[in-house]
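Nothing fancy with the numbering, it's 1 onward along the sequence.
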Amino acid sequence: QVRLVESGGGLVQAGDSLRLSCAASGRTFTTYTMAWFRQAPGKEREFVAALSWRGSTNRYADSVAGRFTVSRDTAKTTLYLDMNSLKSEDTAVYYCAASSLAYPTGLPSLPERYSYWGQGTQLTVSS
């Protein structure tokens with residue numbers, strides 16, 4: 001089992017930057033594929049970014065590519081999402097997710113590929 005706890009959300013202005021963190025505990029964190037998803041009110045959960053267990057491969061949704069960066073600090077068992085040039089459409093609850101599987105042919109963007117989820121952290125971007 002893996003327990004995930006997100007933090008760092010809040011209320012920011014459009015154009016601001018913010019870092020989200022996801023603290024993982026439980027089984028070997030270093031072997032897990034990690035990802036960030038988000039869900040805005042009235043919308044389905046959508047993929048934001050993913051990172052391989054080695055941290056050498058990443059994948060981003062088109063809507064955040066070039067603005068967001070996903071990274072992990074293996075020693076501290078923490079996943080990060082650095083968000084720049086925030087827009088009002090980035091407003092959502094952000095979730096951290098983990099999969100115990102490795103994906104050598106491409107990191108998954110479907111929520112059902114991830115077995116473990118955090119409770120989420122709210123980000124609100126005012127325009």
Side-chain angles (χ1 to χ4, degrees):
Q1 289 289 335
V2 173
R3 181 170 180 262
L4 305 173
V5 180
E6 303 94 336
S7 63
L11 173 63
V12 299
Q13 303 266 348
D16 283 353
S17 298
L18 196 69
R19 166 176 271 197
L20 301 183
S21 299
C22 171
S25 60
R27 297 184 65 180
T28 308
F29 169 74
T30 56
T31 62
Y32 281 61
T33 299
M34 304 293 295
W36 289 96
F37 287 79
R38 66 186 182 187
Q39 188 166 18
K43 295 187 177 181
E44 294 188 351
R45 191 167 298 189
E46 67 171 356
F47 171 77
V48 175
L51 188 68
S52 63
W53 70 273
R54 290 183 176 181
S56 57
T57 304
N58 53 45
R59 179 180 179 181
Y60 296 93
D62 290 343
S63 58
V64 306
R67 299 188 298 122
F68 291 12
T69 302
V70 61
S71 61
R72 67 194 299 171
D73 183 336
T74 303
K76 297 182 178 180
T77 67
T78 303
L79 181 74
Y80 302 103
L81 184 67
D82 289 295
M83 305 178 292
N84 298 313
S85 302
L86 283 164
K87 305 175 182 180
S88 58
E89 50 263 45
D90 294 319
T91 295
V93 177
Y94 283 73
Y95 297 92
C96 176
S99 168
S100 60
L101 302 178
Y103 296 93
T105 60
L107 301 178
S109 61
L110 296 176
E112 51 264 37
R113 297 290 187 180
Y114 296 87
S115 301
Y116 305 100
W117 292 84
Q119 293 299 310
T121 184
Q122 174 71 48
L123 169 65
T124 302
V125 183
S126 63
S127 57

- Item | Ser115 side, atom OG; Tyr32 side, atom OH - distance, nearest 0.5 Å | 8.5 Å
- OG of Ser127 to NZ of Lys87: how many Å apart, nearest 0.5 Å? 13.0 Å
- State, yes or no, whether a side-chain contact exists between Val48 and Leu81 at a heavy-atom distance under 4.5 Å. yes
- Query: Between atom OG of Ser109 and atom OH of Tyr103, what is the distance when rounded to the nearest 0.5 Å?
  - Reply: 11.0 Å
- List the steps and the verdict of side-chain contact (heavy atoms from CB on, under 4.5 Å) for Ser17 and Met83. CA-CA 5 Å; Ser17 298; Met83 305 178 292; over 6 Å; no
- For Ser21 and Thr78, the nearest pair of non-hydrogen atoms, with its separation, is CB-CG2, 4.1 Å
- Query: Is there side-chain contact between Arg38 and Arg45, with at least one heavy-atom pair below 4.5 Å?
  - Reply: no
- Apart from Leu11 itself, members of its ILVMFWY cluster (side-chain separation under 4.5 Å) are none
- Query: Quick check: does any side chain N or O of Thr91 sit under 3.5 Å from a backbone N or O of Val125, one acting as donor and the other as acceptor?
  - Reply: yes
- Residues joined to Tyr114 in its hydrophobic cluster, side chain to side chain under 4.5 Å directly or through other members, sorted by chain and number, are Phe37, Phe47, Val93, Tyr95, Trp117
- Task: Taking the side chain as every heavy atom from C-beta outward, state whether Phe68 and Leu86 have any atom pair closer than 4.5 Å.
- Result: yes
- Considering residues at least two apart in sequence or located in another chain, which fulfil the side-chain contact (heavy atoms from CB on, under 4.5 Å) criterion with Thr121? Glu6, Leu20, Tyr94
- Applying side-chain contact (heavy atoms from CB on, under 4.5 Å), run through Tyr116 and Arg3 and close with a yes or a no. CA-CA 7 Å; Tyr116 305 100; Arg3 181 170 180 262; over 6 Å; no
- Message: Just so I know, are the side chains of Trp36 and Cys96 near enough to count as touching, which here means a heavy-atom distance under 4.5 Å?
- Response: yes
- Counting only N and O atoms by type, is there a donor-acceptor contact under 3.5 Å from the side chain of Arg59 to the main-chain atoms of Leu107? yes
- Item | Criterion side-chain contact (heavy atoms from CB on, under 4.5 Å) on Arg67 and Ser85, from CA distance to verdict | CA-CA 6 Å; Arg67 299 188 298 122; Ser85 302; 4.1 Å; yes
- Message: Please check: side-chain N/O of Thr33 versus main-chain N/O of Leu101, any donor-acceptor pairing under 3.5 Å?
- Response: yes
- Would you say Tyr60 and Thr69 make side-chain contact, with heavy atoms under 4.5 Å? yes
- Message: For a quick test of reading the model, state the closest non-hydrogen atom pair linking Met34 to Ala98 and the distance between them.
- Response: SD-CB, 3.4 Å
- Task: State, with a plain yes or no, whether a side-chain heavy atom of Val2 is found less than 4.5 Å away from one of Leu4.
- Result: yes
- Item | Any side-chain heavy-atom pair of Leu51 and Thr57 under 4.5 Å | no
- Flag the pair Val12 / Thr124 as yes when at least one side-chain heavy-atom distance between them is below 4.5 Å, and no otherwise. no
